[in-house]
Amino acid sequence: MLDLQFICENRELIEANCRNRGVAVDVAAIVALRDRRSELIQQEDGLRHEQKEASSLIPKTKDAAEKQRLIARGKELREQISRAEADRKQAEDELRALQATVPNLSHPDAPIGGEDASRTIRTWGEPKSFDFKPLDHVELAAKHDLIDFEAGARVAGSGFYFLKNEAALLELALVQYAAHKAIAKGFVLHTTPDVARDEVLHGIGFSPRGPEAQTYSIADSELSLVATAEITLGGSLKDEVLDVAKLPIRMAGISHCFRTEAGAAGRATRGIYRVHQFTKVELFAFAAPNLESSNALHADIVALEEEIFQGLSIPYRVIDTATGDLGGPAYRKFDLEAWMPGRGEYGEVTSASNCTDYQARRLGIRCKSPDRKGTEFVHTLNGTAVAVTRALIAILENYQQADGSIVLPEALRGWIGKDRIG
RNA sequence: GGAGAGAUGGCUGAGUGGCCGAAAGCGCCGGAUUGCUAAUCCGGUCUAGUGCGUUAAGCGCUAGCGGGGGUUCGAAUCCCCCUCUCUCCGCCA
């Protein structure tokens with residue numbers, strides 16, 4: 001969510017940014033509602049002031065008739081106030097709903113346009129050329145009994161799976177590997193709840209309920225299964241006021257991720273590329289509220305993601321995501337796309353966003369600086385250390401051999417206890 | 001799951017209907033004093049909304065005592081619901 005005053009004072013900027021992001025927002029309606037809200041607040045505050053005065057006179061008043069008159073006046077004011085309050089609340093609800101539709105500002109260097117406009121800013125490693133026809137991860141998994149899709153479907157439906165044998169060990173190894181990489185860079189490792197309050201999901205930018213919900217909600221509760229530990233890590237400091245000297249705060253979180261993938265039918269559904277549940281190590285950071293700090297931290301997060309994939313010797317490219325594809329909260333987003341021989345193309349394996357103060361404002365996460373009055377909303381950033389299913393695809397497909405066996409990345413062997421599958 | 005006790009400012013902790021945004025202490029900031037340090041003394045020290053002010057300093061008003069509702073002219077204080085914490089019992093990986 002953006003600051004209301006900022007929106008109203010920078011209409012052209014906001015409108016242009018919404019156009020770049022392909023989002024339709026009625027800024028004029030926001031301004032009008034803001035003005036209406038101000039009027040209602042003034043009216044309400046005036047009534048309250050009068051009421052306070054009247055009631056403070058009552059205990060001092062000796063004259064019985066005068067006292068009765070003041071009490072009657074107080075009653076009258078109470079009713080007026082409750083009406084004024086209802087009006088104000090309604091205007092505020094409408095305003096907040098509209099305000100929430102305004103996406104974050106965009107980094108001036110982010111490419112403008114839809115998904116096609118996204119720019120490759122660098123590539124690492126060469127897509128491996130095989131002197132045989134490479135199999136995709138589904139075929140490889142079948143060959144080595146690594147993934148049971150049928151069992152997943154039987155137990156939980158399409159989109160769920162069981163990892164078996166070395167694949168299960170690979171999940172543990174990848175989590176260990178990524179967690180240690182993150183720890184080495186100062187991220188404090190957490191395991192987090194796999195559920196969160198809808199309010200927290202909303203603060204991070206997910207729609208937990210309703211037709212466009214991307215998450216599973218738990219019946220008869222205000223809880224949803226988390227789609228990423230970004231939700232729980234970001235929510236962990238909800239409504240807190242932090243000391244700016246303690247920033248940045250770096251966290252890593254291991255969680256399961258649950259996604260309904262509503263509307264994704266038919267898109268890359270083969271195998272474990274797009275599933276309803278996977279395990280992920282997520283990076284999250286709270287930065288001081290200025291772009292110098294958060295942009296620098298953003299670069300650090302991307303560098304760590306790259307280090308993780310370089311350590312696995314998997315070729316990848318880094319994408320500077322176009323404005324139209326940023327989603328609401330991100331100011332700028334870099335994705336790592338790993339080479340996936342089975343698909344014959346790059347596939348997204350990580351995503352790192354600088355959300356500036358957009359999430360923090362809705363979550364109420366602020367910081368206090370000694371040299372200025374009041375508080376400011378912190379900047380938040382998130383990135384993927386490793387998303388197990390996507391990384392697994394890249395490993396199985398890149399490390400396959402002519403004889404059908406799969407060599408394991410050196411970095412993971414210690415945790416798996418062997419150097420190849422098959 | 002059952003029984004009980006709690007939730008007040010950065011912290012500790014008073015306050016059980018109006019004079020309370022809230023005593024006191026601690027902490028923190030500024031100043032005084034002081035060979036240095038310590039100690040002592042004085043002053044200051046929450047957040048948000050809103051209005052005036054030049055998008056300033058600042059001043060005013062309103063709100064906030066876990067959250068939400070209610071009673072009342074008036075609620076930190078009384079009532080109801082919820083959440084969370086602690087203690088005991090039960091259950092359990």
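The model shown is predicted, which means the values in this text are computed figures rather than measured ones.
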Next item on the list: Determine, for A:Y273 and A:R390, whether the Lys NZ or Arg CZ falls below 6.0 Å from the six-membered ring centre while staying within 45 degrees of the axis.
Entry: yes
Margin query: Defining pairs by Watson-Crick or G-U wobble geometry with both distances under 3.5 Å, how would you list the stems of RNA chain B with at least three pairs each?
Written below: B:1-7 with B:83-89, B:10-12 with B:24-26, B:27-32 with B:40-45, B:46-52 with B:58-64, B:66-70 with B:78-82
Checklist line | Rounded interatomic separation in angstrom, taking NZ from A:K75 and P from B:C73 | finding: 4 Å
Notebook entry, point to check: A:I71 has an atom CD1; how far is it from atom C1' of B:U72, in whole Å?
Noted result: 10 Å
Next item on the list: Quick one: which residue pairs count as a ring-ring contact (aromatic ring centres under 6.0 Å, His included) with a foot in residues 64-113 of chain A, not counting sequence neighbours?
Entry: A:H107-A:Y331
Side-chain donor-acceptor distances from residues 294-306 of chain A under 3.5 Å, at least two apart:
residue	atom	partner	partner atom	Å
A:S294	OG	A:N290	O	3.4
A:S294	OG	A:N354	ND2	3.0
A:S294	OG	A:H379	ND1	2.8
A:N295	OD1	A:N354	ND2	3.2
A:N295	ND2	A:L291	O	3.2
A:H298	NE2	A:A352	O	2.9
A:E305	OE1	A:T350	OG1	2.6
A:E305	OE2	A:T384	N	2.9
A:E306	OE1	A:R122	NE	3.3
A:E306	OE1	A:Y316	OH	2.6
A:E306	OE2	A:R122	NE	3.1
A:E306	OE2	A:R122	NH2	2.6

Which pairs would a plain distance check flag for residues 148-162 of chain A, meaning a side-chain donor or acceptor within less than 3.5 Å of a matching protein atom at least two apart in sequence or in another chain?
residue	atom	partner	partner atom	Å
A:D148	OD1	A:E150	N	3.2
A:D148	OD1	A:A151	N	2.8
A:Y161	OH	A:Q277	O	2.7

Item checked: Integer-rounded Å distance: B:A63 C1' and A:L40 CG -> 16 Å
Note to self: Below the 4.0 Å mark, does B:U62 have OP1 or OP2 next to a side-chain nitrogen or oxygen of A:H49?
What the structure shows: yes
Notebook entry, point to check: Rounding to the closest angstrom, what is the interatomic distance between B:U83 and B:G67 at atom P?
Noted result: 15 Å
Show me, pair by pair, the donor-acceptor contacts under 3.5 angstrom made by side chains of residues 111-120 of chain A, not counting sequence neighbours?
residue	atom	partner	partner atom	Å
A:S118	OG	A:E115	O	3.3
A:S118	OG	A:A322	N	2.8

Item checked: B:A48 versus B:C41 - spacing of their C1' atoms, nearest Å -> 35 Å
Item checked: Base-contact (B) and sugar-phosphate-only (S) positions in nucleotides 65-71 of chain B, heavy-atom cut-off under 4.0 Å, - elsewhere -> ----S--
Checklist line | Sequence-distant partners of A:D357, salt bridge (Lys or Arg N to Asp or Glu O under 4.0 Å), two or more places apart | finding: A:R361
Atom pairs and distances, donor-acceptor, side-chain atoms in residues 237-248 of chain A, under 3.5 Å, two or more places apart:
residue	atom	partner	partner atom	Å
A:K238	NZ	A:E199	OE2	3.0
A:D243	OD1	A:A245	N	3.0

Next item on the list: Give, for atom NZ of A:K333 and atom CD1 of A:I319, the distance between the pair rounded to the nearest 0.5 Å.
Entry: 11.5 Å
Notebook entry, point to check: If you measure from the P atom in B:G13 to the same atom in B:G18, how many Å do you get, rounded?
Noted result: 24 Å
Notebook entry, point to check: Are any of the side-chain nitrogens in A:K143 or A:E139 under 4.0 Å away from the carboxylate oxygens of its partner?
Noted result: no
Next item on the list: Using the C1' atom as the reference point in each nucleotide, state the distance between B:G74 and B:C81 in Å, no decimals.
Entry: 24 Å
Checklist line | Closest-nucleotide ordering on RNA chain B, the 5'-leading residue of A:R197 and A:S55 | finding: A:S55
Notebook entry, point to check: What integer distance in Å separates A:I58:CD1 from B:C19:P?
Noted result: 13 Å
Next item on the list: Could I get the full list of side-chain contact (heavy atoms from CB on, under 4.5 Å) partners for A:T191, not counting sequence neighbours?
Entry: A:I254
Notebook entry, point to check: P atom, B:U40 versus B:U47: distance in rounded Å?
Noted result: 28 Å
Margin query: Please pick, from B:C73, B:U83, B:U62, the nucleotide with the shortest atom-to-atom distance to any side-chain atom of A:R48.
Written below: B:U62
Checklist line | Atom CD of A:E222 with >12 non-hydrogen neighbours under 6.0 angstrom | finding: no
Next item on the list: Please state the P separation for the pair B:G69 and B:G2 - nearest whole angstrom.
Entry: 27 Å
Item checked: Nearest-Å distance once atom P is located in both B:C80 and B:A24 -> 33 Å
Check: With a non-hydrogen cut-off below 4.0 angstrom, is A:K60 in contact with a base, only sugar-phosphate, or nothing?
Finding: nothing
Note to self: I'd like to check the salt bridge (Lys or Arg N to Asp or Glu O under 4.0 Å) partners of A:K52; sequence neighbours left out, ordered by chain and number.
What the structure shows: none
Notebook entry, point to check: Nearest-Å distance, CD (A:E50) to P (B:G74)?
Noted result: 13 Å
Next item on the list: Do nucleotides 47-55 of chain B as a string where each nucleotide becomes B, S or -: B if the base has a protein heavy atom under 4.0 Å, S if just the sugar-phosphate does, - if no protein is that close.
Entry: SSBSS----
Next item on the list: Mind calculating the distance between NZ (A:K52) and P (B:A75) to the nearest angstrom?
Entry: 10 Å
Please table the atom pairs, donor to acceptor, closer than 3.5 Å between any side-chain atom in residues 409-418 of chain A and protein atoms at least two apart or in another chain.
residue	atom	partner	partner atom	Å
A:R413	NE	A:L408	O	2.8
A:R413	NH2	A:L408	O	2.9
A:K418	NZ	A:E166	OE2	2.6

Notebook entry, point to check: Please give, in whole Å, the distance from B:G60 P to A:E53 CD?
Noted result: 15 Å
Next item on the list: Please measure how far the C1' atom in B:U77 lies from the corresponding atom in B:U72, and state the result in whole Å.
Entry: 13 Å
Item checked: Atom-to-atom span, CD1 of A:I81 to C1' of B:C73 - whole angstrom -> 11 Å
Check: Contact class for A:E76 (heavy atom, under 4.0 Å): base, sugar-phosphate, or nothing?
Finding: nothing
